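As the structure is a computational prediction, the values presented were derived from the model and not from experiment. Throughout, residue positions are numbered sequentially from 1 according to the sequence presented. Note: hydrogens, waters and symmetry copies are ignored here, and every other heavy atom, side chains too, is used.
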Amino acid sequence: MEKLTYPLLCFQLNEEAVLGILVGTEYQLVEATPQKLRSNLTDHLAKVYKKEGDYPLLELEDPTLKMVETSFRPTYRIGNGAFPLTNKVKIEQPLVYGEAEPGVYECFLPLLDESFYCYDLNQLDSLARHFISNALDEKSPEEIYRLTAYPTPSLEIVTLKVKEDSLFSYTWNIEQKPKILERLAERYPYPKAVQRNLAAAPDAAWELDDYVAQVVDKLMQQRASVLIVGASGVGKSAVLRQAFRKLAGFSKKTEKEQSFWRIQAQRFTATSKYLGEWQETAEELVFELQTMNGILWVENIVRLLREGGKGAEDSVAAYLLPFIQQGKLQLAGEVTPQELESMRRLLPGFVESMQIVELPELPERSLAVVLEKFSSHVLQAHKINITQDALNTSTRLLRRFYPYESFPGKSIRLLGECMSEAIFSKTTEVNRRDVLAQFIKRTGLPELFLRDDMLLDQTALRSYFNEKIIGQTAATDKLTDIIKVYKAGLNNPHKPITTLLFAGPTGVGKTAAAQALAQYFFGLGQKTSPLIRIDMSEYQHPSQITRFLGTGTDPGKLVQQVRERPFAVLLLDEAEKATPEIFDAFLTVLDEGMLVDAFGRVTNFRNCIIILTSNLGASNRASIGYGNRMPDDETYRSAISGFFRPEFVNRIDQVVIFQPLGQESIRLIARKELEEVKAREGFAKLNLKIEFSERTEEHIAKVGFHEKYGARPLQRAVEDVIVKGLAKWLLANPTIENKTVHVDIDENGVTNIQVG
C-alpha cells in the first residue's frame, strides 16, 4: 500500500468548533477537535476511494504553513464606478506550500480559493501578496472584513492509503483511439488534398532549410520542446510545418511509430464545465501523447499563459510545465520577440524548459527567390501569371506602408489576395494595377500616395479642405502640409503618421477637420468609417484605463478598434477630461507607434493619424461671435502646456489652433448644410430641385449660431426650421414630381414653400 498525505488547515472558531479545510481539495468540515477532523476526513477519503477508485491528486513534499500580511483598501463597485474606502486594512492570510517537483513549489491560499506555482522561495511573499491583492480586488468590503475574522490556523496532516498500481489510474489499449486528442487536436501533416485547399501558398519553407533542420534535430534527436522566435511574417509557421512533414517522413522510413498533433491553446479549457475539468483533460491528453509517441504543436502558445486561471501562475502553461520538465510532454510553438519577453516575465520556467530557434527576416536575395517560386507555383497550380512588375510593386508598397511586418509573409498574403481576386473574376494575370487596386481596398489609401509617378495637385488639395473646413485658413494650411510630407514619403515610419492636438472653442470645426482628413487619407477602400472617435470624457477615473486600453486578457476600446482598422484617423475627443494615467500609458504610442500588452501582443498605430481635441484656453473668453476679436494663440498653448505633462506635450507633432468663426464663415457653413439637404433621398426620388433664398441662409446662420457652442447648433436648426417644414409639405403634396421648389423665410421666421 502507498500512503498519500494531505495538508489540513484547522481554525479554532470557538471552544467547541474547529473548521477544517483540506488544502488543494473542495473538502471542508467543522468538528469539535482537530483529531475528529482528521479521522472523519480520512474515513471519507477512504470511502470515496473504495467506491470510485478515485482520490484528490495532490503531491506536496513537507507542506508548510505561513501567514502572509498585506495592506489593502476595500472598494465598493457599482457598475463601472469604483469607490475606495478612506482607510486601508491589514489582512493576514494563511499560505500553504510544498515542493511538487524539484525546484517547483505549489502554493495555496485556501480562504481565497487561489493557488499558484513558485520557483524561488525568496519571491514567495511577494507572489503571495500579489495573488492576495488580486483576489481581494474581486470582493466587497463586507466580504473582506469577514476574512479578517478568521483566527490564526494550525496545520495538520491527513493520510490516505491506496494501492500502488492505482497511483496512475489510466489504462490504455494500444488499439484504442486517442479520444481527447481527436476531440481537441488535429493530426498533422494534413492529407495532400486538404493542404491544397488551405491557402494560396504551398506548404513550403523556401530558403529556410537550415532552420527546418535545426527544429528537426531538436525535436527528434534531443527530444526537446521547441519555440521558434521571429517577427510576424518571417516564416515561423512554414518552418514548423516543414519540420513536422520531415519528421513524419522519417517515422515512415524507420517504421518508428510517431504522431504529430496541432491544437489551439484555448481548446484546453473550451469544453470545461466544472472546476478541475480542464486539468483532468490536460492529464489525459498528455497520457495519450505518451502512448502514441506524439508531439504537440500549440498554435498561439503564449495564450497558454492566460488560459485556465486568473494569472500565469495558475494557467494551463503552469500546469503543463512539470510534464515538460520530466520529459513526459513535447511541445512546439512559435512566438514573436515581444511575446517571448512577456512569457519570460510571467512564467520564466516555461520558457526555460524549451529550446529556442531564432528566425531572422530573409535577406533581399532570398526574398526575391521566394517570390519567384511563389509566382511559379501560382502559374502551375492556378494558371495565373503574376508579372514581375506586380511583384516589385507589392514589395515597394509593403516595405513603406507595412514596415512593422516582415517579408516574405506580408508579400505572400497580399499576392494571395490578388490571386483570389483573379480567380473570382476569371482572369489569367495579376499585374501592377491589380496589386494597387487590392492595396487600396485593404488600406483605403488613395492612388496618389501609392504611385510615385502621380503628382500632387496642390490647388485641388486646398480646394478639398476649404470645402470641408470653413473659416480656418491656418488649420487648413497645416493639414495640407501633412499630406505633402506623406506624399513625399518623408514621414517617420517608426511613429504614427502624425500626432496633432486641435485646440480652440467648441463648434469651430475641429471634428469636421478630423473627418475631412480621415476621408482624404483612408476613405477609398474600407467598408467601415476610417475615423475612430473616442469620447475621452468617459475615462475620467484611473480604474477606467483598463476599459480604454484593455487588460491582460481582453483588449480595451482603443486597442480593439485600432486592430480592426489599422489605417485610420484616431480622434480622442475632449482629451483634457480623461484621467492623466491614460496619457502616461499612451506615451509609448506617440513615441514608437506601438502598444504592447502584458502577453506581448502588439497593437500598431504607425498607419494612424492621432488627433486630440481640447477646449483648454477657450473658457476664459467669449469663444465665438460675429465680431472680429481673435483669441491669442499663445494663450491656448500656455493652457495646454500647463495642463498636460511636458513629456506628453513634447511628443505631439503639432498644436493646431482653431479660431472663432466670423459672420461670413457661419453664413458659408449654413449654405453648406443647406446644400447637403438638397441631395437627400426624398427629393431625389421625386426629381425635385430645391432652391433656398439668401434670406433663408441668413436666418439659418442667425438661429443656428450660439456664443458658447458656435456653429454646432446649425444642423439642428436646419432640421427644425427647414427639413421638418419640407417634410410636412411633401406629405401634403404627394403628387408633385419633376419640379423646382423655392424655400424662403420671412422676417417673422415663417417658412414659405412655392413650386416654380
Side-chain angles (χ1 to χ4, degrees), residues 59-61 97-107 115-128 130-131 211 214-231 234 236 239-240 243 261 263 265 268 279 282-283 285-286 289-290 294-360 552 596-602:
E59 298 180 10
L60 291 185
E61 288 289 333
Y97 66 94
E99 198 169 27
E101 299 290 341
V104 181
Y105 295 87
E106 193 168 7
C107 311
S115 64
F116 59 92
Y117 287 94
C118 177
Y119 305 94
D120 183 355
L121 288 182
N122 293 325
Q123 300 177 358
L124 179 61
D125 285 1
S126 58
L127 277 172
H130 168 75
F131 281 95
Y211 300 100
Q214 286 186 47
V215 174
V216 169
D217 178 68
K218 293 180 185 299
L219 289 174
M220 184 173 69
Q221 303 297 335
Q222 302 179 36
R223 302 294 296 173
S225 292
V226 175
L227 267 182
I228 300 183
V229 181
V234 294
K236 301 186 294 296
V239 168
L240 271 179
W261 302 82
I263 188 172
F268 280 92
Q279 290 90 336
E283 284 190 36
L285 185 142
V286 170
L289 284 167
Q290 283 183 282
I295 300 175
L296 191 64
W297 173 6
V298 182
E299 289 189 75
N300 196 6
I301 194 169
V302 71
R303 187 164 178 171
L304 287 180
L305 277 71
R306 55 190 176 98
E307 291 289 330
K310 294 181 180 178
E313 296 292 338
D314 54 358
S315 64
V316 174
Y319 191 81
L320 295 177
L321 179 56
F323 297 105
I324 300 172
Q325 292 172 330
Q326 296 166 21
K328 296 178 180 178
L329 175 63
Q330 199 174 0
L331 295 184
E334 55 187 274
V335 292
T336 64
Q338 294 88 352
E339 289 171 338
L340 178 67
E341 183 61 32
S342 71
M343 292 169 71
R344 280 189 169 133
R345 184 180 68 255
L346 296 169
L347 196 63
F350 190 72
V351 176
E352 291 168 2
S353 68
M354 307 180 79
Q355 294 198 21
I356 291 175
V357 175
E358 294 187 0
L359 193 60
V596 184
D597 68 10
F599 292 92
R601 293 169 297 180
V602 176

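A distance of 9.5 Å separates OG of Ser315 from OH of Tyr117, quoted to the nearest 0.5 Å. The CD1 atom of Ile301 lies 9.5 Å from the CD atom of Glu334; values are rounded to the nearest 0.5 Å. Rounding to the nearest 0.5 Å gives a distance of 5.0 Å between CD1 of Ile295 and CG of Leu219. A distance of 10.0 Å separates CG in Leu321 from CG in Leu329, rounded to the nearest 0.5 Å. With rounding to the nearest 0.5 angstrom, the CZ atom of Phe599 is 5.5 Å from the CG atom of Leu346.
Two residues are said to be in side-chain contact when any heavy atoms from C-beta on lie closer than 4.5 Å; Ile324 and Phe350 meet this criterion. Side-chain atoms of Val229 and Pro337, non-hydrogen and from C-beta on, do get closer than 4.5 Å to each other. Under the 4.5 Å side-chain criterion, counting only non-hydrogen atoms from C-beta, Leu296 is in contact with Leu285. A heavy-atom distance below 4.5 Å is found between the side chains of Leu227 and Leu340. Residues Val351 and Ile356 have side chains in contact (heavy-atom distance under 4.5 Å, counting atoms from C-beta outward).
Side-chain atoms of Lys236 never come within 3.5 Å of backbone atoms of Ile228 as a donor-acceptor pair (strictly under, hydrogens ignored). For Ser225 (side chain) and Met354 (main-chain N/O), no donor-acceptor pair under 3.5 Å exists by modelled atom type. Checking side-chain atoms of Arg223 against main-chain N and O of Gln330 turns up no donor-acceptor pair under 3.5 Å. With hydrogens and angles ignored, the 3.5 Å screen pairs a side-chain donor or acceptor of Asp597 with a backbone N or O of Arg601.
Applying the salt bridge (charged side-chain N to carboxylate O under 4.0 Å, His left out) rule to pairs touching residues 315-326 yields nothing, sequence neighbours excluded. The salt bridge (charged side-chain N to carboxylate O under 4.0 Å, His left out) contacts involving residues 310-320 comprise Glu114-Lys310, where partners must be two or more places apart or lie in separate chains.
Here Glu61 pairs with Glu99 under the side-chain contact (heavy atoms from CB on, under 4.5 Å) rule; sequence neighbours left out. For Glu341, there are no side-chain hydrogen bond (donor to acceptor under 3.5 Å, both in side chains) partners at least two apart in sequence or on another chain. Remark: Glu307 pairs with Thr269, Arg303 by the side-chain hydrogen bond (donor to acceptor under 3.5 Å, both in side chains) rule, at least two apart or across chains. In terms of the ring-ring contact (aromatic ring centres under 6.0 Å, His included) criterion, residue partners of Phe116 (sequence neighbours excluded) are, by chain and number, Phe131. Here Asn300 pairs with nothing under the side-chain hydrogen bond (donor to acceptor under 3.5 Å, both in side chains) rule; sequence neighbours left out. Applying the ring-ring contact (aromatic ring centres under 6.0 Å, His included) criterion to Tyr211, with sequence neighbours excluded, gives no partner residue. When the salt bridge (charged side-chain N to carboxylate O under 4.0 Å, His left out) test is applied to Glu299, the partners found at least two apart in sequence or on another chain are Arg262. By the side-chain hydrogen bond (donor to acceptor under 3.5 Å, both in side chains) test, Tyr319 pairs with Glu283, sequence neighbours left out. In this view, Trp261 satisfies the ring-ring contact (aromatic ring centres under 6.0 Å, His included) rule with no residue, not counting sequence neighbours.
A pairwise comparison of heavy atoms in Gln290 and Lys328 identifies CG-O, 3.2 Å as the closest pair. In this structure, Ala282 and Phe268 approach most closely via the heavy-atom pair CB-CD2, 4.4 Å.
The environment of CD in Glu358 is sparse: at most 12 heavy-atom neighbours from other residues, nucleotides or ligands sit within 6.0 Å.
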All N/O donor-acceptor pairs, side-chain side in residues 121-128, below 3.5 Å, sequence neighbours left out:
from   : atom 1 : to     : atom 2 : distance (Å)
Asn122 : ND2    : Asp120 : OD1    : 3.4
Ser126 : OG     : Gln123 : O      : 2.9

